[in-house]
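Proteins get letters first, then strands, A, B, ... in listed order; numbering begins at 1 in each.
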Amino acid sequence: MNIAKVIVDVPASSINQTFDYKIPEQFQDILKVGMRVIVPFGPRKIMGFVVGRTGESSFDKLKNISDVLDLTPVLTDELIGLGKWLANQTLSLYITAFQAMLPQVMKAQYKKELERVTDGPLSDELESFFAGRDFVAYEELTGSAVSYSQIQKAVQDGDVVVNYLVKSKITKKHVTTIAPNHEPHLLEEAIQDLSKNARKQKELLAFFIDNQQEIEQSVLTKKFNTTSSTVKTLLDKELLKSNRKEIYRNPYDDKSFEQTTALTLTEQQQETIVPIQEHIRDEKHDVFLIHGVTGSGKTEIYLQAIQDVIEKGQEAIVLVPEISLTPQMVKRFKGRFGSNVAVLHSALSNGEKYDEWRRIHRKEVQVVVGARSAIFAPFENLGILIIDEEHENSYKQEDQPRYHARDVAIFRGENHRCPVILGSATPTLESFARAQKGVYKLATLSKRTNEKEMPKVNIVDMRNELHEGNRSMFSRSLKENIEQRIQRGEQIVLLLNRRGYSTFVMCRDCGHVNECPHCDIALTYHKNSSQLKCHYCSYEESMPTNCPSCKSDLIRFFGTGTQRIEESLTQLIPEARIVRMDVDTTRRKGSHEKILNQFADKEADILLGTQMIAKGLDFENVTLVGVLTADSMLHLPDFRSSEKTFQLLTQVSGRAGRHDLPGEVIIQTYTPEHYSIELASNYDFMQFYKNEMSTRKTFQYPPYVFLTLITVSHQNHVTVVQTAQRIAQLLLNNISNEETVVLGPTPSPIARMKDRYRYQCMIKYKNEPNLRTLIRKIIRQFDDEVRKNDLLITVDMQPYQLM
DNA sequence: AGCACGCCGACT
DNA sequence: GTCGGCGTGCTC
């Protein structure tokens with residue numbers, strides 16, 4: 001068993017296989033499957049994952065493994081299997097799948113350097129290049145007087161060698177602690193011996209006479225209002241000793257969480273949790289879909305189920321959408337399970353993510369709460385997997401590997417023979433249909449735990465407002481209601497549903513719209529920088545004063561951003577104190593929480609924001625929720641637009657009147673008759689489900705069919721069209737089921753992005769067991785063009801974003 | 001991917 | 001001759 005099978009860090013389809021390496025003597029005992037290694041690959045050195053050990057290889061001249069990067073495996077056997085499955089499911093590369101399961105910092109970085117290995121004289125150019133140094137970064141070659149062929153020759157002559165370095169991005173945080181180095185009475189003597197001026201030194205020593213324990217250096221210096229130089233002097237005199245040790249960065253360190261205990265469950269909650277607890281006890285896998293209205297106490301069910309899992313000595317994964325948005329959620333988990341919880345979300349720094357990951361890896365926690373990628377937490381004894389707000393599309397990764405966390409959860413649930421819980425007030429049609437068919441077990445929580453009614457929803461037809469001369473974004477009813485709440489000292493949440501809209505710039509004379517020169521999309525106006533920016537590439541230009549086309553100065557921006565709304569709201573209701581929450585105001589780390597805390601402390605009357613305020617917020621003083629434009633995303637070219645609208649409206653409505661005060665919701669729309677708006681206002685999920693299912697059936701969309709999206713992109717328009725056509729033809733010729741439909745090629749909704757044209761083919765199918773194999777075969781035929789010609793073909797086996 | 005090797009036209 | 005550009009094939 002002295003041969004390792006390695007998946008190497010080369011993202012190319014021709015390398016998507018294991019490579020065999022000999023395990024040298026010194027690594028025989030320590031090298032385990034699942035560790036990262038450094039291996040020679042051609043002339044260079046690269047990182048790889050050991051996915052197996054064997055005794056023999058079909059390859060005869062094996063190279064040695066150069067180095068081992070880990071002390072313990074970073075991938076468990078289960079995760080290796082999961083990675084293989086994931087790569088096959090999503091048509092990705094093994095290496096891409098493995099990297100996706102680990103924190104960013106574990107990805108290797110590569111560097112090259114030139115080393116001078118001769119003392120003898122080199123050519124003049126080389127002498128000045130090395131300038132007395134033995135090692136020079138390879139990049140310095142560009143811009144220097146040394147040509148590549150000169151280096152080549154020097155390497156051949158043995159004067160210079162190229163070193164291939166594998167660098168780790170991992171940084172560990174350390175802390176230095178200080179402790180006394182002698183018995184108290186010896187310190188006492190030392191104080192006597194110190195010079196009269198050494199006041200700080202004496203203070204420090206005196207402190208350690210009473211206090212034998214080690215103390216963090218930074219704490220010590222702060223306490224005595226001194227610096228490290230004083231400490232250093234005492235260390236040099238060997239009166240104190242220091243110890244440098246590694247610590248975890250703890251993003252939640254400074255917050256104390258009030259400990260909570262299990263709440264008494266309502267009858268409905270009890271009925272829901274019992275079968276889950278049975279599955280935990282019997283180690284049985286099943287998927288449970290909890291359909292529970294907002295405020296029905298889903299989280300308490302999660303908490304108590306996890307409690308059972310912990311008591312059994314097992315582990316739990318909880319996924320929540322973009323956790324940074326819901327500090328309240330973290331609080332609930334930390335409050336119940338304290339330091340037994342690791343938190344993984346996108347707002348953490350890479351170092352923090354790595355430290356949280358290591359706490360899981362070292363089995364220091366039993367619970368992880370996190371965003372999508374937390375589903376890969378390296379637990380080995382899982383007892384439950386929970387996906388809260390199951391309908392959120394942030395659970396789908398939109399780059400390779402294009403996986404859905406729900407599928408990964410179910411795969412792991414089967415592996416570990418444990419239940420998977422999906423929870424939502426507005427489940428996806430896919431999940432609900434499965435629950436209806438009995439594939440998932442359905443539990444319904446129709447009552448709120450506080451027995452309160454859902455807030456009343458009023459729909460305002462904005463067309464009437466317009467007819468009666470109100471051209472503002474605020475209906476009279478909304479304005480009056482806002483004023484009334486402010487008077488009563490209550491708070492308001494306003495949602496600007498901006499998807500599909502943006503502030504673009506148009507010339508009023510000739511109709512010219514400023515577009516991105518690299519993408520087929522209008523530029524978005526950003527007021528604070530007075531710049532026009534492209535949201536798809538990083539292009540930006542300053543706001544022109546004249547129309548670039550007809551030179552007219554009547555150029556104006558259109559559309560509605562939160563900034564505009566805030567301005568007109570201030571005009572309309574001058575006494576209103578407004579906080580704004582959108583991508584612009586939350587870019588900085590922690591700004592999220594700051595804004596929310598500000599609102600919670602009643603420093604503002606109105607919280608105005610985009611989508612991100614719809615989820616999970618819970619403020620007791622909010623009695624009015626207003627939706628400014630309910631239909632703005634109803635007309636997007638996306639078959640899920642009705643579903644998304646229904647979900648958003650239902651969710652945001654749940655933000656009002658969660659506590660003692662009764663809540664009210666005002667939805668402004670230009671299409672009040674649309675079923676997703678009407679049914680959301682009645683909280684009628686079942687009727688919505690029925691309506692939407694019949695639409696999906698008529699137009700043959702999921703869950704009635706599966707979709708696969710193939711996108712082709714290239715700088716040359718003709719190449720793209722031709723390639724996409726050839727792909728479509730190949731698909732048509734080889735599909736096995738006559739019910740399968742191949743649509744396209746058609747231009748992607750954004751037909752050009754970053755100077756590349758984009759065309760897509762959509763496959764709709766019910767039963768096409770060999771589709772993955774077929775697509776893989778087709779793509780292989782284009783391998784050459786992909787490599788040589790900068791052609792790009794991407795496949796999404798389960799597209800959510802049809803862009 | 002990224003590197004060497006080999007072939008080719010261009011230039012001091 | 002020597003240099004750099006680009007196509008080709010290989011990496012345990």
Rounded off to whole Å, could you give me the CD-to-P distance for the A:Gln156 and B:dA4 pair? 10 Å
Can you tell me the distance, in whole Å, between the CG atom of A:Leu141 and the P atom of B:dC3? 12 Å
From B:dC3, C:dC12, C:dT11, nucleotide with atom closest to A:Lys112 side chain: B:dC3
Taking CG in A:Asp134 as the centre, count heavy atoms belonging to other residues, nucleotides or ligands within less than 6.0 Å. Is the count above 12? yes
Within residues 90-111 of chain A, those residues having any heavy atom closer than 4.0 Å to DNA chain C are none
What nucleic acid atoms does A:Phe59 come within less than 4.0 Å of, heavy atoms only: base, sugar-phosphate, or nothing? base
In whole angstrom, give the distance that lies between atom CD of A:Glu125 and atom C1' of C:dT2. 13 Å
Students often get this wrong, so: under 4.0 angstrom with heavy atoms, is A:Ile3 touching a base, only sugar-phosphate, or nothing? nothing
Rounded distance in Å - CD1 (A:Ile15) to P (C:dT11): 9 Å
Heavy atoms within less than 4.0 Å of DNA chain C: which residues of residues 786-797 of chain A have one? Give them sorted by number. A:Arg787, A:Lys788
Are a donor atom and an acceptor atom from the side chains of A:Tyr759 and A:Ser713 found within less than 3.5 Å of each other? no
Can A:Arg772 and A:Gln89 be counted as having a side-chain donor-acceptor contact under 3.5 angstrom? yes
Rounded to the Å, how far apart are A:Asn16 CG and B:dA1 P? 13 Å
Within less than 4.0 Å of OP1 or OP2 of C:dG4, is there a side-chain N or O belonging to A:Ser149? yes
For A:Arg133, is there an ion pair with A:Glu140 - N to carboxylate O distance below 4.0 angstrom? yes
Can you measure A:Asp9 atom CG to B:dA1 atom P for me and round it to whole angstrom units? 12 Å
Aromatic centroids of A:Phe19 and A:Phe41 separated by under 6.0 Å: yes
Side chains of A:Ser748 and A:Gln760: donor-acceptor distance under 3.5 Å anywhere? yes
Value in whole Å for how far the P atom of B:dA1 lies from CG of A:Asp783: 10 Å
Per-pair stack call A:Phe19 and C:dC12, 5.5 Å, 30°: no
Stepwise, does the ring-ring contact (aromatic ring centres under 6.0 Å, His included) test hold for A:Tyr403 with A:Phe376? CA-CA 12 Å; A:Tyr403 67 91; A:Phe376 299 115; 5.2 Å; yes
Which residues within residues 29-53 of chain A lie with some heavy atom under 4.0 Å of an atom in DNA chain C? A:Pro40, A:Phe41, A:Gly42
Hey, are A:Asp790 and A:Arg756 close enough for a salt bridge, meaning a charged N less than 4.0 Å from a carboxylate O? yes
Below 4.0 Å: OP1/OP2 of C:dG4 and any side-chain N or O of A:Ser147: yes
Are any of the side-chain nitrogens in A:Asp77 or A:Lys32 under 4.0 Å away from the carboxylate oxygens of its partner? no
Please determine whether a side-chain nitrogen of the Lys or Arg among A:Asp783 and A:Arg780 lies less than 4.0 Å from a carboxylate oxygen of the Asp or Glu. no
Please determine if A:Arg406 forms a cation-pi arrangement with A:Tyr395, meaning its NZ or CZ atom is less than 6.0 Å from the six-membered ring centre and no more than 45° off the ring axis. no
Go through it in stages, so that I can follow the logic: the residues are A:His416 and A:Phe379, the test is ring-ring contact (aromatic ring centres under 6.0 Å, His included), and I'd like the CA-CA distance, side-chain angles, deciding distance and then a yes or no. CA-CA 10 Å; A:His416 289 272; A:Phe379 283 136; 9.1 Å; no
Interatomic distance where CG belongs to A:Asn64 and P belongs to C:dT11 [whole Å]: 17 Å
Among B:dC3, C:dG4, C:dC12, which nucleotide has an atom closest to any side-chain atom of A:Lys63? C:dC12
Can you tell me which nucleotide in C:dC3, B:dA1, B:dA4 comes closest to the side chain of A:Tyr164? B:dA4
